[in-house]
Amino acid sequence: MSLYSNIDAERGRMGMSKSEISNKLGIDRKTYDNWMENGKIPASALVKLSEIFDVSIDYLLGRTAIRSTRKGE
């Protein structure tokens with residue numbers, strides 16, 4: 001199981017490859033893989049991923065099961 005399984009899940013839901021998400025983040029694929037493996041995703045990248053997937057950062061980090069960024073959803 002990946003350290004960031006919710007990021008992997010959202011990427012899959014959107015049908016995006018690791019290369020595609022890397023491009024959207026403005027990084028190379030190797031950097032993305034290193035972040036995912038080492039658990040060291042910069043805060044700015046988490047914010048961007050949250051916007052791309054339209055989910056909360058807490059959800060991406062596995063701190064909540066609630067995907068929505070909107071209160072009450």
Side-chain angles (χ1 to χ4, degrees):
M1 184 169 166
S2 169
L3 181 62
Y4 295 115
S5 58
N6 287 347
I7 293 174
D8 286 336
E10 290 304 312
R11 186 179 54 75
R13 279 187 195 101
M14 294 195 70
M16 297 177 75
S17 70
K18 291 179 181 181
S19 294
E20 289 173 315
I21 203 68
S22 298
N23 288 336
K24 287 194 173 279
L25 292 172
I27 59 172
D28 61 36
R29 166 75 187 272
K30 184 176 180 179
T31 299
Y32 177 81
D33 287 339
N34 285 337
W35 289 354
M36 295 298 284
E37 289 172 23
N38 298 320
K40 296 184 178 181
I41 299 176
S44 59
L46 285 170
V47 169
K48 181 103 177 177
L49 287 167
S50 173
E51 292 168 353
I52 291 167
F53 299 139
D54 193 27
V55 297
S56 71
I57 292 172
D58 281 341
Y59 172 76
L60 291 178
L61 296 176
R63 297 175 61 190
T64 183
I66 300 168
R67 294 176 60 227
S68 179
T69 58
R70 295 173 200 95
K71 293 189 183 248
E73 287 187 29

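Along the sequence shown, residues carry numbers from 1.
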So does R13 pair up with E10, basic N to acidic O under 4.0 Å? yes
Check against side chain to side chain contact (heavy atoms under 4.5 Å, CB included), R11 and E20: CA-CA 9 Å; R11 186 179 54 75; E20 289 173 315; over 6 Å; no
What's the spacing between I7 CD1 and W35 CH2 if we round to 0.5 Å? 10.0 Å
Quick one: OG on S19 to OH on Y32, what's the gap to the nearest 0.5 Å? 10.0 Å
Is the closest side-chain heavy-atom distance between M16 and K24 below 4.5 Å? yes
Taking side chain as C-beta onward, heavy atoms only, is I66 less than 4.5 Å from S56? no
Please report the interatomic distance CG(D33) to CG(N38), rounded to the nearest 0.5 Å. 10.0 Å
For a 4.5 angstrom cut-off between non-hydrogen side-chain atoms, does F53 reach N6? no
Measure the OG-CG distance between S17 and N23 for me, rounded to the nearest 0.5 Å. 7.5 Å
Would you indicate whether the side-chain heavy atoms of I41 and M36 approach each other to under 4.5 Å? yes
Does the S22 side chain pair with the main chain of K18, one donor and one acceptor, at a distance under 3.5 Å? yes
Nearest-0.5 Å distance that lies between atom CD1 in I52 and atom CD1 in I21: 4.0 Å
Nearest 0.5 Å please: distance from the CG atom of D54 over to the CG atom of L49. 12.5 Å
